[in-house]
Amino acid sequence: MTASTLPKSRQQLILAVLMVSSLLIWLDNTVLSTTLETLADPVRGLNAGPAELQWATGSYTLAFATLMFTAGALGDRFGHRTVLVTGLVVFAASSVWAAFAGDAGQLIAARAAMGVGSALILPGNLAILMWTFTGPARSTAIAISSTSAGVGMAVGPVLAGVLLDHFWWGSVFLVNVPVVVLALIGIVLLVPNFRSPVVRPLDPAGMLLSVSGLAALAYGLIRTGQVAAWGRTDVWAPIVVGLILLAAFVRVELRSKMPSFDPRLLAQRAFGGGNAALGLLLFTVSAITFYNAFYLQGARGFSPIEAGLAGLPTAFGAILGAPVGARLVHRWSLRLVTVPALTVAALTMGAYGFFGLRTPLVRIEVLLLVQGLSVGMVLGPVTAALISTLPLERAGAGSAVTNTVRQTGSVIGIAVGGTIMSIVYRRAIEPSLHGVPGPVRDEALVSAEQARHVATTSHLPALGNAADDAFVHAMHVGAIWLMLIALLGAAVLLLALRAVRGPATAGGEPEPTRETDPTTDQAAPRAGADARPVRVGDDLGAR
């Protein structure tokens, strides 16, 4: 069955089912950030330390990043509906596992399994959409489908807040199950099992090397924040091993005739530099989101629902940013719009250095709105433009590279951002621990959450105040580093988008062909982006 034989009503129902499936991923990405403070609580949560919370977030993203480009090949071989259904089942089962995890280690493992499910869901989801719709209808379908990201970003934190205020922390994961059941019913009844007649290799060597390399690198970076001596073998050895494995991964992919992840694409200035800038942006966004969760609920004492509502401006800004950015790009140029937007995003991260324990909420909300708007103006237009610089037959491979780079940036951002906070917090609170009993001192050094808890149980209010001050200082230092990294991303983007034109291809939305099957995210321009080839230089606005 092809798209041309599907009734229009069935196409619309398929689109609705696909949106429900992708909504799961965006809900999960935002729900956890609201739950981190609760998970750190020794009474209400799992008494998780900073490193464990980093891994609870990073293990999901790690699996997502490194398995996503393999999922497209699985769809070619077994059918995209089969892979999508498998991903949903894995996601639901691992959500139940996460909901009833008995300790932080079980939660980390369950989150990694959820990442596997998401890696199977996203490429199959877009592949089915690309096969279901053709011509102008596909562009409209992509625009409508992309709204699930904004809905997830807006609803996720509020939903998590409501659940945490009324139920135990595991409810934020258990709520995924009915959504999966609804999606599975729709897929079984409506979606054909599209598959490509050209079967791509699964690349098990590349998958193993990328997963193990990123895991070792992330472990070493997170371990850095837990110990005082960086010369320890358990700090530098994982980092070195991770870099070696990642280098081996690149070498294996370069020697492959049909690589799942094609590093050659990164050698192109516009594509490689643009992806590097996006990776740096996602690095800083994931880290600042990690900080914000603990700032609002821990240092400021917001309830989960209050913290969820406080994060809504970021979601609304991101929803508005993509179409606004696309319109401005059509009027001016990609470089003139996205480089200033990325610079503004960097400055909003640096502005966290001015947040304190009594900063007016309205000031925080305005900053989050500007941050979401500027990030949205960069991600959508730049991603669409980067894919447009490639020939059609390489769009699928380019999508795999772009998504892997973005998710990798998130993994490393959580590891590095959390490590900076842990190191600075420990140094900042140490002067306040003189004369404090040994067990209390050890607890207080772990994290601000642990310090607040032990201050309450030991009737040491001064210790709780010292923990808040140390946390805010650590957030200030981390925010400055994140601002500098984001500014580096803006500089890289400025150099990458120097009057380089994409290939001159025919206008209109690209069709899936027997030679290529766009099975990964962003194989076609994002919502709001022009379906025609995008020129990434300063002359873009002249179209």
Side-chain angles (χ1 to χ4, degrees), residues 29 54 57-58 61-62 64-66 213-214 217-218 221-222 239 242-243 246 250 261 263 265-292 314 318 321-322 325 334-335 337-353 370-387 389 398 401-421 477-498 521-522 536:
N29 281 340
Q54 286 172 267
T57 305
T61 311
L62 177 65
F64 194 4
T66 52
L214 276 176
L217 179 60
L221 292 172
I222 291 174
I239 294 176
L243 293 174
L246 290 176
V250 172
F261 179 96
L265 296 177
L266 295 175
Q268 301 178 23
R269 185 181 67 192
F271 188 83
N275 273 291
L278 290 181
L280 291 170
L281 174 60
L282 268 296
F283 177 109
T284 56
V285 167
S286 62
I288 206 69
T289 301
F290 193 76
Y291 290 1
N292 198 43
T314 305
L334 189 66
R335 183 168 64 170
V337 172
T338 58
V339 173
L342 183 46
T343 302
V344 171
L347 295 177
T348 62
M349 294 173 192
Y352 275 69
V370 174
Q371 186 175 94
L373 186 67
S374 55
V375 170
M377 290 175 65
V378 176
L379 285 180
V382 171
T383 303
L386 293 182
I387 299 302
T389 64
V401 172
T402 296
N403 281 287
T404 301
V405 168
R406 287 166 58 171
Q407 295 299 326
T408 300
S410 296
V411 172
I412 304 302
I414 293 167
V416 174
T419 295
I420 292 173
M421 174 168 284
V477 174
I480 297 302
W481 279 105
L482 294 179
M483 179 186 69
L484 295 175
I485 293 169
L487 287 175
L488 174 62
V492 170
L493 191 61
L494 178 65
L495 296 175
L497 303 184
R498 286 176 51 199
D521 189 21
Q522 302 302 337
V536 298

Picking from Leu379, Val378, Leu373, what satisfies side chain to side chain contact (heavy atoms under 4.5 Å, CB included) with Val375? Leu379
Could you grab the distance from atom CG of Leu488 to atom CE of Met483, nearest 0.5 Å is fine? 12.5 Å
Determine whether Leu482 and Tyr291 make a side-chain contact, defined as any pair of heavy atoms from C-beta on separated by less than 4.5 Å. yes
Testing the basics here: between Met349 and Ala486, what is the closest heavy-atom pair and its distance to 0.1 Å? SD-CB, 4.3 Å
Donor-acceptor pairs are to be reported for all side-chain atoms of residues 276-288 against protein atoms at under 3.5 Å, with residues two or more places apart or in another chain.
{"residue": "Thr284", "atom": "OG1", "partner": "Leu280", "partner atom": "O", "Å": "3.4"}
{"residue": "Thr284", "atom": "OG1", "partner": "Leu281", "partner atom": "O", "Å": "2.7"}
{"residue": "Ser286", "atom": "OG", "partner": "Leu282", "partner atom": "O", "Å": "3.1"}
{"residue": "Ser286", "atom": "OG", "partner": "Phe283", "partner atom": "O", "Å": "3.0"}
{"residue": "Ser286", "atom": "OG", "partner": "Ser410", "partner atom": "O", "Å": "3.2"}

Using distance only, find each side-chain donor-acceptor pair of residues 337-348 under 3.5 Å and give its atom names and separation, not counting sequence neighbours.
{"residue": "Thr338", "atom": "OG1", "partner": "Leu334", "partner atom": "O", "Å": "2.6"}
{"residue": "Thr343", "atom": "OG1", "partner": "Val339", "partner atom": "O", "Å": "2.8"}
{"residue": "Thr348", "atom": "OG1", "partner": "Ala345", "partner atom": "O", "Å": "2.6"}
{"residue": "Thr348", "atom": "OG1", "partner": "Gln371", "partner atom": "NE2", "Å": "3.2"}

Residues passing the ring-ring contact (aromatic ring centres under 6.0 Å, His included) test with Phe290, sequence neighbours excluded, are Phe294
Partners passing side-chain contact (heavy atoms from CB on, under 4.5 Å) against Leu495 (at least two apart in sequence or in another chain): none
